[in-house]
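Down below is the structure, laid out as structure tokens.
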Amino acid sequence: MRIMIQEAMNEIKRGVAEIIDVERIEKLLKDYFENGKNYYVKAGFDPTAPDLHFGHTVLLQKMAVLQKCGAIVQFLIGDFTGMIGDPTGKNETRKKLDKETVLKNAESYKEQVFKVLDPTKTEVMFNSLWLEELGASGIIELTTTFNVARMLEREDFEKRYKSQAPISISEFLYPLLQGYDSVAMKCDIEMGGTDQKFNLLMGRQLQRTYNVGKEQAVVMMPLLEGLDGVNKMSKSLGNYIGVTDEPSDMFGKVLSISDDLMWRYYELLSALSLEAIATCKDDVATGKVHPKVAKENLALELVTRYHNVDLANAAKEEFNNVHKKNELPTDIKEFSCDGPIWIAKALVDCKISPSTSQSRRDIKQGAVKINQEKVSDEQLQLEQGEYILQVGKRKFAKLKVI
RNA sequence: GGUGAGAUACUCAAGUGGCCAACGAGGGCAGACUGUAAAUCUGCUGAUUUUUAUCUUCGAAGGUUCGAAUCCUUCUCUCACCA
């Protein structure tokens, strides 16, 4: 029994940035393994963007691990708090979404989330349910539990306060409301990114204040770096790999990360054991395994997870055809138009160039190819026929000139 | 409420009457090199088949002028200092 708990703990601790109250998690595990008692793990998500990317899955995967150890996941959609916008981002106050949209978003969340989480051990919840009921008096009461000095301890607020950047009062409410969620949900563990530390601890604090009878443990996951290897993965920065990305896109994006970053992805995203990863890393360092092969394996694993093995292998083959052998991808978007047409215009029509000016620049640089042949004449007219147009290494289009 | 400062392209940031489609940096795109990458080097980075040109763009609207991102007026927004 003790060994089981120990093993579970090790698996849970893998890759996490910080755990607060490890003892409590151990107790929960013990209660599960000995008495089969479940416990609740909360994680909050934004209601506006049901586009999950690998950054989110770091958290989801950890929750999936916990599900195997008796956790019921409370998948919280912050439809109420979404109005305020978490101060950690630069988000300004947002408009409240109508119910219909929220429910629709929730549905698409489910589609994506259950590729990782076990649906039988997951409850989807909305915080408007209890926060709306709280009312003005409830919110005022909530604010009395905390003072401004403490609030300003939050790193983000402290910085802005010192540099005299504006802090909106509503922003103070965000951590309080998120914390109140923990009270309403009576969760045992809350998960979040390291940037959420303050908010996560708030939940713990408020559970005590409101006499919930338990104080949630906190598991913080590191923020996964995006494709650029510097900034955290986010949709707005465009450096993300979405769980709904097409197999070939997903494969290509994974292959495009730097060698250093690959190990980070291995640690946080792969299902391989840490020992296996360490071995692989050694083999790459000693030259036994080519770094590209290691990266391909990672990409295969991830594409398989969100699609399937066949598509993953197809994506790999496709990738090597296009990039290694310089062949053409299999599915190229097709267009047709009346001819004759000026090459620069054709590229714009096929959406592989933003403007004819840009087309001309690209032609001058030798970045444009027709049927694998470099184009040197920027005045070129395309007569009747079918052409494969290409800009750079990645942008392709098939054009039929009538 | 009072006073002062500011708003320039994707972002930061120069420019204070013509040589400004606007220095520079980052980012992005492309070429070389590679493992598709990273690093490095190079070019490009408002639009337009008039390309040593034309048109649109420097918070918004007017005005002065042969000519304005630059000067004047009003407005909008942001910031700072004081209360």
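Numbered from 1 within each chain, the chains take letters A, B, ... in sequence-line order.
A parallel orientation is assigned to the rings of W263(A) and Y266(A), their planes being inclined by less than 30° (bins at 30° and 60°). Using cut-offs of 30° and 60° for the angle between ring planes, the Y180(A) and Y210(A) rings count as perpendicular.
As rounded to whole Å, 18 Å separates atom P of rA37(B) from atom CG of N239(A). Put simply, CG on D377(A) is 12 Å from C1' on rU49(B), counting in whole angstrom units. The separation between Q358(A) atom CD and rU49(B) atom C1' is 16 Å, rounded to whole Å. We find that CD1 of I352(A) is positioned 11 Å from P of rA30(B), with the value rounded to whole Å. Note: CG (D259(A)) to C1' (rA38(B)) measures 7 Å, nearest angstrom. As a whole-Å value, the separation of K288(A) NZ from rG35(B) P is 22 Å. Between H290(A) atom NE2 and rA38(B) atom P the separation is 15 Å, expressed in whole Å. Taking atom CD of E225(A) as the reference point, atom P of rA38(B) lies 16 Å away to the nearest angstrom.
The side chain of K393(A) approaches rG31(B) more closely than any other nucleotide in the set rG35(B), rG31(B), rG43(B). When distances are taken from the side chain of S355(A) to each of rU34(B), rU49(B), rA47(B), the shortest belongs to rA47(B). Nearest to the side-chain atoms of S258(A) among the listed nucleotides rU49(B), rA30(B), rA38(B) stands rA38(B). Distances from the side chain of K295(A) to the nucleotides rG31(B), rA38(B), rG35(B) place rG35(B) closest.
Applying the Watson-Crick and G-U wobble criteria (two distances, each under 3.5 Å), rU16(B) pairs with nothing in any strand. Of all nucleotides present, only rG31(B) satisfies the Watson-Crick or G-U wobble test against rC41(B), with each distance under 3.5 Å. Across all strands shown, rC77(B) forms a Watson-Crick or G-U wobble pair with rG6(B), both key distances being under 3.5 Å. With both pairing distances under 3.5 Å, rU56(B) is matched to nothing as a Watson-Crick or G-U wobble pair. Checking rU49(B) for Watson-Crick or G-U wobble geometry (two distances, each under 3.5 Å) identifies no partner in any strand. The partner of rC71(B) is rG63(B), by the rule that a Watson-Crick or G-U pair needs both atom distances under 3.5 Å.
Within the 4.0 angstrom heavy-atom criterion, no nucleotide atom of any strand lies near E296(A).
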Polar atom pairs (N or O), protein with nucleotides 50-58 of chain B, under 3.5 Å:
residue, atom, partner, partner atom, Å
rU51(B), O4, R360(A), NH1, 3.1

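For the P atoms, the distance from rU64(B) to rG1(B) is 34 Å, rounded to whole Å. The same atom, P, is picked in rC23(B) and in rC81(B); the two are 34 Å apart, to the nearest Å. Of the P atoms belonging to rU54(B) and rC79(B), the separation is 42 Å, rounded to the nearest Å. Annotation: rG26(B) and rC41(B) have their P atoms spaced 11 Å apart (nearest Å). rG31(B) sits 23 Å from rU49(B) when the P atoms are compared, rounded to a whole Å. Here, rA39(B) and rU52(B) have their P atoms 35 Å apart, quoted to the whole Å. Comparing the same atom, P, in rC20(B) and in rC33(B) gives a spacing of 37 Å after rounding to whole Å. Rounded to whole Å, the C1' atom of rA25(B) lies 15 Å from the corresponding atom of rU8(B).
Under the 3.5 Å distance criterion, with hydrogens and angles disregarded, a donor-acceptor pair is assigned to the side chains of R305(A) and Q61(A).
Where I257(A) and Q381(A) each meet RNA chain B at their nearest nucleotide, the meeting point lying more 5' is that of I257(A). Nucleotides of RNA chain B nearest to Q379(A) and K374(A) differ in position, and the one nearer the 5' end is that of K374(A).
The side chain of K345(A) contributes no N or O atom lying less than 4.0 Å from OP1 or OP2 of rU48(B). Close to rU49(B), at under 4.0 Å from its OP1 or OP2, lies no side-chain N or O of R361(A).
The backbone N or O of F45(A) sits nowhere less than 3.5 Å from a side-chain atom of H56(A) that would complete a donor-acceptor pair.
In this structure, K295(A) fails the cation-pi test against Y265(A), since its NZ or CZ atom is not both closer than 6.0 Å to the six-membered ring centre and inside 45 degrees of the ring normal.
Salt bridge annotation for K369(A)-E373(A): absent, with no cationic side-chain nitrogen under 4.0 angstrom from a carboxylate oxygen.
Looking at I77(A) and M125(A), their side chains never come closer than 4.5 Å, going by heavy atoms from C-beta outward.
Counting distance only, with no hydrogens placed and no angle test, the side-chain atoms of D228(A) and the base atoms of rG27(B) include no donor-acceptor pair under 3.5 Å.
With respect to E378(A), the salt bridge (charged side-chain N to carboxylate O under 4.0 Å, His left out) criterion is satisfied by exactly one of K345(A), R361(A), R360(A): R360(A).
For CD1 of I402(A), the number of neighbouring non-hydrogen atoms (other residues, nucleotides, ligands) closer than 6.0 Å is greater than 12.
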